[in-house]
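Below is the structure I would like to discuss, written out as structure tokens.
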There are 2 protein chains.
Amino acid sequence: MSLNIQKEVDSPSSLAGIPSGIERLPPLTPVEQEVIHIFVQTAQVLGLPKSVGEIYGLLFCAMEPLNFDEIMRRLKISKGSTSQGLRFLRNIQAVKTIYVAGDRRDHFVAELQLRNLSAGFLRERILPHLENGQERLANLHELLPQNPSENCKILEERVGYLSTWNKKARGLLPWVLKFIDS
Amino acid sequence: MSLNIQKEVDSPSSLAGIPSGIERLPPLTPVEQEVIHIFVQTAQVLGLPKSVGEIYGLLFCAMEPLNFDEIMRRLKISKGSTSQGLRFLRNIQAVKTIYVAGDRRDHFVAELQLRNLSAGFLRERILPHLENGQERLANLHELLPQNPSENCKILEERVGYLSTWNKKARGLLPWVLKFIDS
DNA sequence: CATATAGTTCAATTTTTCTTGAACTTTGGC
DNA sequence: GCCAAAGTTCAAGAAAAATTGAACTATATG
């Protein structure tokens, strides 16, 4: 019974009346492949693993929530990559889980609001780097007086630039989000 | 004669009166190490090789233009990395070459204006990706009609989102630079 | 409570990317 | 024009990152 519900909800191949066994999943359509490819490229620009781009791309195209196994098998990636990729995507809130009645498994959908996607990415990947940099800059200021007096002034000025850059970058983040909202 | 000029201009160790031979370069100071470390980390966030961060960091700290050999030897990196790193940094205009009278070698200084740094990076690394994405999206629109008619409408809408995102991102770039100027 | 299913973890492996250095090209100076 | 110094290129090796899959944990269900 729960198996029936699952198949009706999740699996287009249920139309073909394939019974329990190892269910056949449709291969990626050309459009899906192309969308996934775009996200894989984007992932690489953002310094994220290919598998993260693949998973997000697949969910982006999906008409209904997909479960773990469907993601893994349609993309032909391993359990490990699927698990870690989904975890990352959930962390940055690029993907959320959906409750499906009568099915024990997690189901996933892509966040489709650019604003939320960006916010998650900035918060989880960029902000930590900037905050870490801020700490390092504070330490650096302690270190500066040890320098040969001649260079000291100019170096101090340059380290000052660095602090300004860091501050500017942190100030930029909320503006970026505001721009995206507009 | 030209050797003398070179030493006066470039080499702190000329003060110690070391003759031609293999010139001794001062090791990195703690401050230099720390600044370089910050730039190496930043390079990694931006998906650039460590050596690029090292070279920029060294030049960022330098009181006078450095030549190829000084960069290579103070950072203890190879000729190849030095050459490729400097080329990249020149491409994005993070580093410029300076003419030093009586010295055949190129001399390098760091661009210290965050605005110019950012502009170069966005132009050389981000914009090409966005333009490539734009092309791919155009192709994708051709591909769409081939889809099962049921999904077609929704998928089309989603691909439409992608185009909007791409446009928004391209619109964001000049805006980021304006923010940095402020 | 026992069992089977869902999902996580992580050490080993594969893949990708960066670095090295030797051979090559280019150029300035004599 | 020739030589030596400056810098580039690129194939091979080293290092870093992603992926895999087997062992594990957790938990719904009967």
Rounded interatomic separation in angstrom, taking CZ from A:Phe88 and P from D:dA17: 15 Å

Report, one line per pair, each donor and acceptor closer than 3.5 Å where one atom sits in a side chain of residues 41-54 of chain B; sequence neighbours left out.
residue, atom, partner, partner atom, Å
B:Gln41, NE2, A:Asn132, OD1, 3.2
B:Thr42, OG1, A:His129, NE2, 3.4
B:Thr42, OG1, B:Ile38, O, 2.9

B:Phe68 backbone acceptor or donor facing B:Arg105 side chain under 3.5 Å: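 The answer is no, because no donor-acceptor pair under 3.5 Å joins these two groups.
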
Qualifying salt bridge (charged side-chain N to carboxylate O under 4.0 Å, His left out) pairs, either residue in residues 115-141 of chain A, two or more places apart: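 Pairs touching residues 115-141 of chain A that pass the test: A:Arg115-A:Asp181, A:Arg136-B:Glu34.
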
Rounded to whole Å, the CG-P distance (B:Leu75 to C:dC18) equals 17 Å

Going by atom types only, do B:Asn166 and B:Gln134 share a side-chain donor-acceptor pair under 3.5 Å?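 No donor-acceptor contact under 3.5 Å links the two side chains.
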
Within 45 degrees of the axis of the six-membered ring of A:Trp165 and under 6.0 Å from its centre: does A:Lys168 put its NZ or CZ there? no

Going by the rule side chain to side chain donor-acceptor pair (under 3.5 Å), which residues pair with A:Asp106 if we only count those two or more places apart in sequence or in a different chain?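 For A:Asp106, no residue satisfies side chain to side chain donor-acceptor pair (under 3.5 Å) once neighbours in sequence are set aside.
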
Here the gap from A:Leu162 atom CG to B:Cys61 atom SG, rounded to the nearest 0.5 Å, amounts to 8.0 Å

Atom pair CZ (B:Arg104) and CG (B:Asn67), whose distance is rounded to the nearest 0.5 Å: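 It comes to 13.0 Å.
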
Nearest whole angstrom, please: distance from the P of D:dG21 to the CZ of A:Arg73. 15 Å

Residues in contact with DNA chain C, drawn from residues 36-58 of chain B - heavy-atom cutoff 4.0 Å: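 Contacts with DNA chain C under 4.0 Å: B:Pro49, B:Lys50, B:Ser51.
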
Find the distance B:Arg87:CZ to D:dT9:C1' and express it as a whole number of Å.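 Rounding to the nearest Å, CZ of B:Arg87 and C1' of D:dT9 are 8 Å apart.
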
Nearest-angstrom distance from the residue atom CG of B:Leu89 to C1' of D:dG7: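 Checked: the CG to C1' distance equals 16 Å.
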
What orientation do A:Tyr56 and A:Phe39 show, parallel under 30°, tilted 30 to 60°, or perpendicular over 60°?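 Judged by the thresholds at 30° and 60°, the geometry between A:Tyr56 and A:Phe39 is perpendicular.
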
When all nucleic acid strands are considered with a 4.0 Å heavy-atom cut-off, which category describes A:Asp106: base, sugar-phosphate, or nothing? sugar-phosphate

So, does B:Arg90 get its side chain near the phosphate of D:dT8, meaning an N or O under 4.0 Å from OP1 or OP2? yes

Please report the distance, rounded to the nearest Å, between CG in B:Leu86 and C1' in C:dT19.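 In whole Å, C:dT19 C1' and B:Leu86 CG are 15 Å from each other.
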
What's the spacing between B:Phe121 CZ and B:Ile92 CD1 if we round to 0.5 Å? 7.0 Å

A:Arg87 versus A:Asn91, side-chain donor and acceptor atoms under 3.5 Å: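 Their side chains do not contain a donor-acceptor pair, so the 3.5 Å distance test is not met.
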
What's the CG-P distance between A:Asn67 and C:dG7, to the nearest Å?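 Rounded to the whole Å, the gap is 7 Å.
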
To the nearest angstrom, the CG-P distance between A:Asp69 and C:dT8 comes to 13 Å

Pairs under 3.5 angstrom, nitrogen or oxygen only, protein versus nucleotides 25-30 of chain D, please.
residue, atom, partner, partner atom, Å
D:dT27, O2, A:Arg104, NH2, 2.7

Between the protein and nucleotides 20-23 of chain C, list every N/O to N/O distance that falls short of 3.5 Å.
residue, atom, partner, partner atom, Å
C:dT20, OP2, B:Ser78, N, 2.9
C:dT20, OP2, B:Ser78, OG, 3.2
C:dT20, OP2, B:Ser81, OG, 3.3

